[in-house]
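Nothing here was measured: the structure is a model prediction, and the numbers come from that model. Chain A is the first sequence line, chain B the second, and so forth, proteins listed ahead of strands; every chain is numbered from 1.
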Amino acid sequence: MNAAEVVNTLLVQRFGVAAVDVTDETPLRSLKMDSLALEELRVLIEEQLDIDLEEVSLTSRDTVGRLVAAVDGKVAA
Amino acid sequence: MTARRTPFAAAVTGLGMVTAAGVGTKATWHAVTQNSAPTGVRHQEELADLPCDFMYTAADLDATALLGVATQRLMDRFSQLAVIAAREAVADAGLGPDVWERDRVAVVIGSAHGGLPFYDQQHVAMSGRGARRVSPKLAPLTVINSAASSVSMDLGAQGPSLGVATACSSGTVALGTAHQLLRAGVCDVAIAGGAESVLSRLLIASACQMKAVSTRRENPAAACRPFDAERDGFVVGEGAGLLVMERPEHAAARGATVHARIRGYGSSSDAYAAVAPDPDGNGIERALRTALDDADVAPSEVGHVNAHGTSTVVNDLIEATMLRRVLGEHPLVTSTKAMTGHTLGAAGGIETALTVLALEQQLVPPTANLDVPDPQIPIGIVRQEARPATFDYAVKTSLGFGGHNAALVLSRA
């Protein structure tokens, strides 16, 4: 599974986001992903992909696309 | 010295329950009054190989379907049960976010252990996979007040809200606290009761070590048998029982249907031992006498008692002896725990809801599994089948580890 698939699947399955609402341009806050949710998501992504996102800053103003790009950067690295 | 005051008869206008006997008030009441044996108790995978590997659970409940993932992820199971029961209670009362003055609605929910299962899971994550695999949600999900805050958020109730923790009397103390908040005029409506769900291998392992729980592994459905000669301990259950209580004039002004009233409350502390109750039952006696005084009800007027009746050798004997001493032989005493399990901090909420229904329907549920009454128990206990009766007042008693005693006096609407 690539980064986009992992992020999208987690948003839908673990955070109850509707799949149709998720696009690259969607700000995370419009999916009701607040700071607590983002920290929870960080742990889930790290676990699933066995990567370290500690240095990636995440805010609810970011878009899904930016989050996926950050994860991709870590996967590639 | 007791300060005598005019009794305050809070109106109970809504009931909500999720128990191992049934999901919803109607299903629970039907099972408790009509079924002869529990169906909600079974062996649990999480408890495999423990000396007590069974528990009462609300296995029919689909919490995800009712709450949705986005809401459910912010609650451990005890809070989920509370929210589901609260929605039912508020709908039953004909109240809700569109109807009430939201800053006049209080939420008071008791729980003994709160989000212990999530705590347990996260401890496993940390031990096995390290600190970086621990969820950031530990504090908000595990605190005892999480059921109260979850209900407040779910229903938009913006008055005072709090969790109450007095072990197995938490639900009853929560209702008593709500009674006092209503009486003091700090709210018009209170959503109150208890919620608990501790399917936690850690806690049950410890309860086994304490020798407080039944080890009747070969027949879990017969294990909880309050007041029976063969009883050997309690059986843990999960559940939630919540009441909507209102200031009487608030209920009257909106023409609400009143199921029954909570008219008196008393609480006390044994100041005796960490687990064992005062052997003479003096603490629970003081709580009950205080509640009767508060309600201005004479012992002879009490027609029904929903007892704590846990099915431990010691509790049932002490409690029954105290009931005989304070109330006499006449009340119809029952324990509904053989149908629901001992739901710890939820017990007072569930059992007070059942007491409300007993008053409303003038029907006392039987004590399931009471086959051979213990000859040392000095009162008759209702058993075998539900008993129709005429009574105006009823009592709910609860005792908690740590010596926290509580009693409520209820009256017909």
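- Of residues 40-52 of chain A, those residues lying under 4.5 Å from chain B by any heavy-atom pair are A/Glu40, A/Val43, A/Glu46, A/Glu47, A/Asp50, A/Ile51, A/Asp52.
- Around atom NE2 of B/His43, more than 12 heavy atoms belonging to other residues, nucleotides or ligands sit under 6.0 Å away.
- A distance-only check finds no donor-acceptor pair linking the side chain of A/Ser60 to the backbone of A/Leu28 [under 3.5 Å].
- The closest side-chain donor-acceptor pair between B/Thr340 and B/Thr19, if any, does not fall under 3.5 angstrom.
- Listed options B/Ser135, B/Pro140, B/Ala70 were ranked by heavy-atom pairs under 4.5 angstrom with chain A; first place goes to B/Ala70.
- A donor and an acceptor atom, one from each side chain of B/Ser152 and B/Ser161, are nowhere located under 3.5 Å apart.
- Remark: the backbone N or O of A/Thr63 is not paired with any side-chain donor or acceptor of A/Glu25 at under 3.5 angstrom.
- Proximity to chain A (any heavy atom under 4.5 Å) is restricted, for B/Arg129, to the side chain, taken from C-beta onward.
- Heavy atoms closer than 4.5 Å to chain B are found in the backbone of A/Gln13, but not in its side chain.
- A donor-acceptor contact shorter than 3.5 Å is absent between the side chain of B/Gln72 and the backbone of B/Gln80.
- Summarising the local packing, CZ of B/Arg73 is surrounded by more than 12 heavy atoms from other residues, nucleotides or ligands at distances under 6.0 Å.
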